[in-house]
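Structure, as structure tokens:
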Amino acid sequence: MMIFLQIRLFATVKTHQHRFFKWLIVLSDGIHAYSSVMLATQLNQRVTSGELDAKAIIKLNNYTCNIVQETRKVLVILDLTVLTCGSETDIIGQPKPYNDQSVTNPRPTIHPQQNLVDKSENRIVFPISSLTPYQNRWTIRTRVTSKSEIRKWSNSRGEGKLFSVDLIDESGEIRATAFRDQVEKFYDVLEVNKVYYISRCSIKTANKNFTSIKNDYEMTFTNETAVEPCDDIASLPKVSFNFVRIGDIENQPAERMIDVVGVVKSADDVVTINTKSNRQVNKRDIELVDDSGKVVRLTLWGTNAEEFDGSQFPVVAVRGARVTEFGGRSLSVVGSSQLMTNPDIPEAHILRGWFDVQGKDQELVSISTKRGDIGSPGFSGNWKNISDIHGENLGQQEKADYFNLKATIIYIRKENLMYKACPKEDCNKKVIDQGGSYRCEKCNQTFPDFKYRLMISASIVDSTGSNWLTFFQETGEAMLKCTAQQLGAWKENDESKYEHTINEALFQSYILKVRAKMESFNDENRLKCSCVNLTPMDYVQQSRRLLEGIRRMQMV
DNA sequence: CCCCCCCC
């Protein structure tokens, strides 16, 4: 039995689609009170509905305990039963804070500052969220949450160097970039996690394809800019993420920068690839999953790829990962991204608990194309509809055309669907039945036996039309689900089994790889289409292919 | 004023 000593909302994080509530929870057993406690997201409703309130007596049915930064333990409640609600009871005992030096104080409540006057310097401090390009006389008091390397550029418009910092205060965040002379002036002054007064920068519209920071604007340092260190203000947040749930990444435009957090479900080995500009670079693909039940591929590059340890299913958070649309949606860590393994943030603890308790056994769906799909007959390649065969004059050139069809077999011509062939391994020539012995003209030999070969003419359809297709041995056997030898034996001894086998092959849908080529026969040119590969339908894979096609059309 | 960030 546990008592909720206190429960209150201490932060609401809004993304464009979701609101995340973070509850400050203190648990008491009557003797000790413990405050590093979180509520799994699925239990939020128990609080908002009023069922779970302060001083409620609860039974903890399921929880995980995560050790963070080696000393701090964070309890994530995954399931609970309310035994007595808070209004019907009172605090039991006089619980003392539980101190095994693993407990740290929760973050203080955030009070957004509003144009407050800083007494020491008599300056007006503006909240970051109030900055616009139309207003110049401001000072912000801000913590640096990240700082890039100095980078050089060179293009048709000139060359130079730059670096950028991400800045945060109680109201919001903004990116600031320094170019050329300002790089010298400010690079060493600005340190990550430290607090500064900054004033007189220019403000312009931010491009969302290059930052996940939640601000329509970004700042540029000018030669007027003033940067002045400030004593640390505890109330200034240290990090800020705008996480997009993995299940929502499919709704993100390609090229966007987003923040993501997930459990590493799998990690590939490092591979070296050649770039188009003929450089070698190392990469490693990993799969991230979250409690949306969706999986996304994240590609790491260079040292991030080489040094990554995906064992033990770590939680990975990326600030500013690029959304790419190669085969569904996937993510790429880019130069400006920050990659964090097992970060001490509430979202990571919740996911750790979710994965260990249920996620690891849950059926998960990837929003990224599996590597196996790309290049497989079911995904890549030259896709056609049956009406395209004549509509696009396929097979009319000197070289045969190869393409994929998704089609259904509706008729199998039973006449001459197999023949007696030369038994020699690489000879498939039709033999002359001499009544007990079989002559092959090609091999110029007579054999005591023969082998059956398939040459099936079948009619296939899709939504656009129908066409005749020839299925030789291997594709014919795959279609009939038996060997030519078996079919021949049934034809001789078990007519109904033979008929049944052929009928069972009707109205089945396949992915077909087709070869189309004009052939002349008796002075007449006819288009011959034959099946060179037959793969069972994979509706999930085909749906992904169609969705990919729709995405591409939307881009036009 | 960068904004390249790689490959299938």
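Chain naming here is simple, since letters A, B, ... match the order of the sequence lines and numbering starts at 1 in each.
Proximity note for F179(A) (side chain, C-beta onward) versus dC3(B), dC2(B), dC7(B): the nearest is dC2(B). Distance from the side chain of W301(A) is smallest to dC6(B) among dC6(B), dC1(B), dC3(B). With distances taken from any side-chain atom of I273(A) to the nucleotides dC7(B), dC3(B), dC2(B), the minimum falls on dC7(B). Listed candidates were dC8(B), dC2(B), dC5(B). Nearest to the side chain of F326(A) is dC8(B).
Evaluation of the side-chain contact (heavy atoms from CB on, under 4.5 Å) rule for E363(A) yields no partner, not counting sequence neighbours. By the ring-ring contact (aromatic ring centres under 6.0 Å, His included) test, F313(A) is found to be paired with F355(A), residues two or more places apart in sequence or in another chain being considered. Residues satisfying the side-chain contact (heavy atoms from CB on, under 4.5 Å) criterion with F179(A), sequence neighbours excluded, are W153(A), L162(A), T177(A), T220(A). Shown here are the side chain to side chain donor-acceptor pair (under 3.5 Å) partners of T408(A), two or more places apart in sequence or in another chain: S509(A).
You won't find any donor-acceptor pair under 3.5 Å spanning the side chain of R322(A) and the base of dC5(B), going by distance alone. Scanning atom types as modelled, no donor and acceptor separated by under 3.5 angstrom connect the side chain of Q280(A) and the base of dC6(B).
Nucleotide dC6(B) holds its P atom 12 Å from the CG atom of D285(A), rounded to whole Å. The separation between Q338(A) atom CD and dC5(B) atom C1' is 16 Å, rounded to whole Å. The distance from atom CZ of R297(A) to atom C1' of dC6(B) is 14 Å, rounded to the nearest whole Å. Atom P of nucleotide dC1(B) and atom CE of M219(A) are separated by 15 Å, given to the nearest angstrom.
Backbone-only contact: K276(A) has heavy atoms under 4.0 Å from sugar-phosphate atoms and none from a base. Within the nucleic acid shown, K204(A) comes within 4.0 Å of at least one base atom, counting heavy atoms only. Within 4.0 Å of G335(A), counting heavy atoms only, lies at least one base atom of the nucleic acid.
A side-chain donor-acceptor contact under 3.5 Å links T464(A) and D462(A).
Sorted by first and then second residue, the ring pair (Phe, Tyr, Trp, His ring centres under 6.0 Å) pairs involving residues 131-152 of chain A (not counting sequence neighbours) form an empty list. Among residues at least two apart or in separate chains, ring pair (Phe, Tyr, Trp, His ring centres under 6.0 Å) pairs with a member in residues 205-240 of chain A are F186(A)-F221(A).
No salt bridge links D356(A) with K360(A); every basic N to acidic carboxylate O contact stays at or beyond 4.0 Å.
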Considering only distance and modelled atom types, tabulate donor-acceptor pairs under 3.5 Å from the side chains of residues 145-152 of chain A, sequence neighbours left out.
unit_1, atom_1, unit_2, atom_2, d
T145(A), OG1, D166(A), O, 3.2
S146(A), OG, D166(A), OD2, 3.1
K147(A), NZ, Y187(A), O, 2.7
K147(A), NZ, L190(A), O, 2.9
S148(A), OG, S164(A), N, 2.9

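Sorted by residue number, the members of residues 148-157 of chain A with any non-hydrogen atom under 4.0 Å from DNA chain B read R151(A), W153(A), N155(A), R157(A).
Taking side-chain N and O atoms only, S164(A) has no distance below 4.0 Å to OP1 or OP2 of dC2(B).
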For DNA chain B, the dot-bracket notation using Watson-Crick and G-U wobble pairs below 3.5 Å, [ ] for pseudoknot-type crossings and | for other-strand pairs, is ........
